[in-house]
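Shown next, in structure tokens, is the structure this report addresses.
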Amino acid sequence: MNVFWMLPDTTVHKQEVADIEQLMFLMRMVTTTSIKGRAYRISDTELLVDSDRISIVVTLVNAEA
């Protein structure tokens, strides 16, 4: 399953995740997510349904916000 990490500056990081349940479990356990050395908080998650694929969109905000 694809995960799209939406950063506050509109940058999108696409990642293929084999076990979405494990990712969701981890996301519930932490308060910040670090990508390329910068800390973010999760502000929203969305299920994206295309005709041939299901993806997760995770919108992030700066951890200080």
Side-chain angles (χ1 to χ4, degrees):
M1 179 175 288
N2 285 329
V3 176
F4 296 97
W5 300 94
M6 310 290 285
L7 277 57
D9 67 357
T10 68
T11 301
V12 178
H13 289 280
K14 180 181 175 182
Q15 181 179 25
E16 180 74 23
V17 175
D19 187 349
I20 195 67
E21 277 297 317
Q22 183 179 20
L23 174 64
M24 299 303 286
F25 173 75
L26 292 171
M27 287 172 50
R28 286 189 297 268
M29 292 185 63
V30 299
T31 57
T32 58
T33 300
S34 181
I35 297 176
K36 294 188 177 183
R38 303 213 47 186
Y40 303 97
R41 285 186 299 109
I42 297 170
S43 69
D44 193 28
T45 56
E46 178 182 355
L47 181 65
L48 181 61
V49 180
D50 288 325
S51 59
D52 61 340
R53 187 151 186 114
I54 295 174
S55 303
I56 298 288
V57 178
V58 181
T59 304
L60 303 170
V61 295
N62 291 319
E64 299 84 31

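This one's a predicted model, so the numbers in the text were calculated from it and none came from an experiment.
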When rounded to the nearest 0.5 angstrom, what distance separates CG in N2 from CD1 in I20? 9.5 Å
Is there any side-chain hydrogen bond (donor to acceptor under 3.5 Å, both in side chains) pair reaching into residues 46-60, and which pairs are they, with sequence neighbours excluded? E16-R53
Side chain to side chain contact (heavy atoms under 4.5 Å, CB included) against L47, all qualifying residues, sequence neighbours excluded: V49, I54, I56
Interatomic spacing from CD1 in I35 to OH in Y40 - rounded to 0.5 Å: 6.5 Å
Under the side chain to side chain contact (heavy atoms under 4.5 Å, CB included) test, which residues partner K36, sequence neighbours left out? H13
Any chain of hydrophobic side-chain contacts (each under 4.5 Å) joining L23 to I42? yes
Only counting residues at least two apart or in another chain, list the ones meeting side-chain hydrogen bond (donor to acceptor under 3.5 Å, both in side chains) with Q15. W5
Qualifying residues under side-chain hydrogen bond (donor to acceptor under 3.5 Å, both in side chains), relative to D9, sequence neighbours excluded: T11
Enumerate the salt bridge (charged side-chain N to carboxylate O under 4.0 Å, His left out) contacts for residues 18-33, please, sequence neighbours excluded, ordered by first and then second residue. none
Under a 4.5 Å side-chain heavy-atom rule over Ile, Leu, Val, Met, Phe, Trp and Tyr, are L7 and V61 clustered together? no
Is there a continuous path of hydrophobic side-chain contacts, each under 4.5 Å between heavy atoms, that joins V17 to F4? no
Please test T45 against M27 for side-chain contact (heavy atoms from CB on, under 4.5 Å), starting from the C-alpha separation and ending with a verdict. CA-CA 11 Å; T45 56; M27 287 172 50; 3.9 Å; yes
Heavy-atom nearest pair, T31 first then R41, reads O-CG, 3.5 Å
Is it true that V12 and L48 fall in one hydrophobic cluster, defined by side-chain heavy atoms closer than 4.5 Å? yes
